[in-house]
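For reference, the structure discussed in these notes is given below.
Whatever order the structure lists ligands and atoms in, that order sets their numbers, starting from 1. Basis for what follows: all heavy atoms, side chains included, without hydrogens, waters or symmetry-related copies.
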Amino acid sequence: MASLANLLVSLLLIATFSFSFAPIRCYVNRADVRVQHGANNKSAHHTYIVLVKPPPSPSPSNVDEDTYQNWYESFLPKSRGGDSGKSRIVHSYTEVFSGFAASLTDRELNALAKSPGFVRAFRDQTRHLMTTYTPKFLGLRNGTELWSNTGYGKGVIIGLLDSGIYAEHPSFDGENIAPPPARWKGSCKATRCNNKLIGAQSFIEDDDDPSDQQGHGTHTSSTAAGNFVVDASYHGMGAGTASGVAPGAHIAMYKVCADGDCDDSAIVAGIDAAIKDGVDVLSLSLGHIGSLRFDEDPVAISTFRAISKGIVVVCTGGNEGPDSHSVSNDAPWLLTVGASSVDRSFDIDVSLSNGKSIHGEGLSQVAKPRSKMHPLLYSQERGKCDYMGNHVVSEKIVVCESDTTHENIDDIMSAGAAGVVLLNYESYGYTIALEEYNSSVAQVSANDGAVLRAYATSRSSPTGAIFSYHNTSLGVHPAPVVASFSSRGPSIAIPGVLKPDILAPGLNILAAWPPETDSIPGPFNIMSGTSMAAPHVSGVAALIKSLHPGWSPAAIKSAILTTADAVNSTGGSILDEDHKKADAYAKGAGHVNPARAADPGLVYDLGVVDYAGYICWLHGDQGLATVVHDSRLSCAKLPKVADVQLNYPTITVPLKPTTFAVNRTVTNVGPPASTYTVKLDVPKSLNVHVTPNKLVFSKAGEKRTFTVSVSGRGVVHGQGHVEGSLSWVSAKHVVRSPIVAVPNLPESPPPLEKKGLGLGVNV
Ligand SMILES: *[C@@H]1O[C@H](CO)[C@@H](O)[C@H](O)[C@H]1NC(C)=O
Ligand SMILES: *[C@@H]1O[C@H](CO)[C@@H](O)[C@H](O)[C@H]1NC(C)=O
Ligand SMILES: *[C@@H]1O[C@H](CO)[C@@H](O)[C@H](O)[C@H]1NC(C)=O
Ligand SMILES: *[C@@H]1O[C@H](CO)[C@@H](O)[C@H](O)[C@H]1NC(C)=O
Ligand SMILES: *[C@@H]1O[C@H](CO)[C@@H](O)[C@H](O)[C@H]1NC(C)=O
Ligand SMILES: *[C@@H]1O[C@H](CO)[C@@H](O)[C@H](O)[C@H]1NC(C)=O
């Protein structure tokens with residue numbers, strides 16, 4: 001449990017909001033790559049993902065499963081006595097690349113690496129789950145054009161790679177959902193399959209059961225595409241109608257995580273199956289900590305194949321914020337999502353005897369608050385609230401520091417305390433990721449906590465406090481606010497592309513939950529994390545795909561990015577966890593706006609050949625063979641495309657006194673005859689010229705290229721990055737791209753260390 005990163009679930013409640021009192025014990029973990037024990041033991045077995053050339057075949061485009069299997073087996077040592085003839089192959093891959101996962105010793109791996117046909121091997125690594133929001137906050141409600149125009153995402157299949165799914169949940173009812181499209185080839189091994197849940201398979205070794213023992217996959221699935229659930233409620237609270245962002249879309253669950261761990265070999269197997277099955281959108285609420293070299297990351301390689309088949313891949317940006325350079329899942333073909341708050345809170349204010357009131361929040365709301373003032377207790381020595389005797393805490397409101405354990409809080413409450421005020425970590429700022437406590441606990445931000453601590457320790461007068469419970473508040477200001485845990489750019493692997501791409505709701509999100517899982521009764525639970533943010537964007541991608549089935553993954557991404565909200569609903573800046581203006585590395589292009597994303601006007605498109613040119617620039621032919629593995633392409637014949645020159649819908653350039661130019665090409669997906677003029681919003685310190693500054697289109701699908709030249713005025717050493725934006729504006733559309741000018745932006749590929757996970761067997 002402790003190894004789960006923020007699992008946040010959002011159940012999207014429409015009409016009225018229900019909410020649950022579910023814990024997020026698995027909140028923001030700095031989960032690390034599992035330490036490989038026995039790394040030096042030549043006879044120890046490890047699972048490796050082995051990439052090989054395609055099987056030699058007279059008709060390479062038509063190779064059957066047996067041919068693959070025999071080819072893969074030919075790389076492995078013949079089974080000996082103990083092996084009882086069982087294949088060493090754990091997973092066979094055919095779609096993402098030719099290759100397999102197998103358990104091998106170092107010696108065997110080294111032998112295998114000498115076989116003709118071997119390409120590369122990676123030692124299996126473990127990733128972790130990371131956790132929705134209300135469609136209403138995103139402007140989606142019954143009667144909304146986008147929902148009615150798309151049939152709520154009708155005919156689109158969202159595949160999720162996650163911890164499995166609780167199929168019986170009402171969110172996965174098949175009522176009013178059309179049958180899946182004929183191209184669907186997947187299988188459903190869940191206890192209930194229907195037109196909503198059309199696929200469920202497990203890729204966990206020795207476990208065929210796609211059910212969800214963790215709750216995470218159930219939460220993310222319902223957030224992306226849960227059906228309408230009328231009278232959804234938790235413990236009789238907040239009855240309302242719940243739904244996902246694309247309630248009409250189909251769900252396919254690829255179970256690749258168990259006990260919070262998701263092995264690369266299983267993730268790749270899940271992606272392989274999803275491509276074969278015919279999903280439209282892939283949603284990954286899991287990740288690695290930080291950047292990996294793309295040519296050493298089996299998940300980046302597999303997702304590249306997915307996007308080249310037209311599948312939109314949406315990923316969590318990670319829960320390692322607010323540290324900079326912490327964003328993960330940062331490949332340019334991925335849609336990388338950060339987490340922000342929604343305008344809803346569950347307030348428990350702490351009113352002090354001096355008349356002041358401190359803002360707190362909590363899931364332990366009570367209907368009839370006690371009306372008595374209780375003495376406030378804070379002990380500097382006992383900040384973590386351990387070893388406090390019954391007589392000390394009885395009838396008191398006890399103030400505890402952020403790192404107090406659930407056990408200590410339970411002990412205090414059992415000892416007769418009236419309540420607990422739990423102070424937040426300093427680095428969380430105003431972000432309060434709610435956790436389930438079995439008692440009256442008010443969670444208070446570090447800033448408000450400082451006031452409370454000072455008051456509790458003041459000697460001048462007796463101190464007392466009382467909790468006032470406000471149940472659910474809506475219309476909370478400011479919102480959205482970037483959540484403290486949301487990972488920040490710049491990306492280490494690709495500093496010339498802005499990551500994360502976008503923000504979506506990921507703080508205190510209510511969504512479906514299996515019964516009695518992780519001490520939460522269900523059927524709904526509140527969770528926080530970028531894990532909760534990604535499936536919102538997967539749902540939006542599904543709605544766009546439903547309207548525009550022919551759009552490429554990059555075009556769909558562009559539509560979502562260029563229409564994102566740069567400001568909040570009252571026109572103020574989107575703030576960060578400290579309530580300071582959030583920078584581009586926290587918010588990407590801004591906050592997702594589904595209705596506008598469906599009609600962007602222009603898109604910045606990218607295809608396999610463009611990415612291939614980038615891979616050539618980054619890692620050369622060897623990288624091309626590993627990531628793109630298309631024998632028709634070679635770096636000698638491709639233009640080398642620097643990260644900043646990718647036709648990305650956001651613009652990153654070096655900040656320097658001399659002019660630096662990037663080109664971008666836009667495709668008209670709006671009215672055939674449209675005229676756009678450029679609008680720049682940049683600080684005085686930035687000189688930006690756009691040529692031409694007017695784009696005239698006469699047809700749908702027409703492309704126009706423009707050049708953006710940027711130089712910094714009075715650039716000083718040690719200066720931070722400078723931000724602005726470029727918008728193409730027509731009568732009906734605003735197509736906005738943030739511009740980020742970065743001092744010392746590397747103009748050659750970043751020297752990311754080779755991790756050598758393949759034990760030097762890179763060919
Ligand atoms: C090496 O691994 C083998 C097989 O897993 C095990 O039997 C052996 O005890 C290990 N040796 C050391 C020194 O760890
Ligand atoms: C919205 O429409 C769906 C589908 O027609 C229906 O199931 C749901 O109950 C409606 N919700 C509300 C709040 O009216
Ligand atoms: C909170 O409000 C909901 C909806 O109005 C209500 O059903 C529920 O009982 C309230 N909860 C408490 C603890 O007051
Ligand atoms: C909640 O606390 C009460 C008393 O402290 C205890 O009896 C009960 O078992 C606890 N419930 C849970 C779910 O921990
Ligand atoms: C919008 O942001 C400003 C600060 O940038 C804040 O004062 C205001 O309350 C916010 N409005 C909403 C609706 O959150
Ligand atoms: C950008 O476009 C201009 C005009 O077509 C061209 O001269 C220049 O080489 C292009 N720059 C890059 C980096 O492709």
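Polar contact with ligand 5: present for Thr570 (N/O pair, distance under 3.5 Å). Not one N or O of Val476 is nearer than 3.5 Å to an N or O of ligand 5, by distance alone.
The existence of a salt bridge linking Arg596 and Asp565 is confirmed by a sub-4.0 Å separation between a basic side-chain nitrogen and an acidic carboxylate oxygen.
In summary, the atoms of ligand 3 found under 4.0 Å from a heavy atom of Asn471, numbered by their order in the structure, are 1 (C), 2 (O), 3 (C), 8 (C), 10 (C), 11 (N), 12 (C), 14 (O).
Looking only at distances, a side-chain donor or acceptor of Ser414 sits under 3.5 Å from a matching main-chain atom of Asp410.
Of all the heavy atoms of Ser569, the ones lying under 4.0 Å from any atom of ligand 5 belong exclusively to the side chain. When non-hydrogen atoms are compared, ligand 5 lies under 4.0 Å from the side chain of Leu575 (C-beta onward) but not from its backbone. Contacts between Thr472 and ligand 3 below 4.0 angstrom, taking non-hydrogen atoms only, are absent altogether.
The side-chain hydrogen bond (donor to acceptor under 3.5 Å, both in side chains) check on Tyr648 picks up Lys499, Asp501, Lys557, with sequence neighbours excluded. Qualifying side-chain hydrogen bond (donor to acceptor under 3.5 Å, both in side chains) partners for Thr705, counting only residues two or more places apart in sequence or in other chains: Thr665.
The aromatic rings of Phe304 and Tyr611 sit perpendicular to each other, their planes meeting at more than 60°, with 30° as the lower class boundary. Below 30°, between 30° and 60°, or above 60°: for His406 and Tyr437 the angle between ring planes is below 30°, a parallel geometry.
No donor-acceptor contact under 3.5 angstrom links the side chains of Asn227 and Ser171, judged on distance only. Using modelled atom types and a 3.5 Å distance limit, the side chains of Asn447 and Ser445 yield no donor-acceptor pair.
The list of salt bridge (charged side-chain N to carboxylate O under 4.0 Å, His left out) pairs with a residue in residues 736-747, not counting sequence neighbours, reads Lys656-Glu747.
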Note down each nitrogen or oxygen pair, ligand 6 side and protein side, whose separation is under 3.5 Å; give only atom names and the distance to 0.1 Å.
{"from": "ligand 6", "atom 1": "2 (O)", "to": "Asn663", "atom 2": "OD1", "distance (Å)": "3.3"}
{"from": "ligand 6", "atom 1": "2 (O)", "to": "Asn663", "atom 2": "ND2", "distance (Å)": "2.2"}
{"from": "ligand 6", "atom 1": "11 (N)", "to": "Asn663", "atom 2": "ND2", "distance (Å)": "2.9"}
{"from": "ligand 6", "atom 1": "14 (O)", "to": "Asn663", "atom 2": "ND2", "distance (Å)": "3.4"}

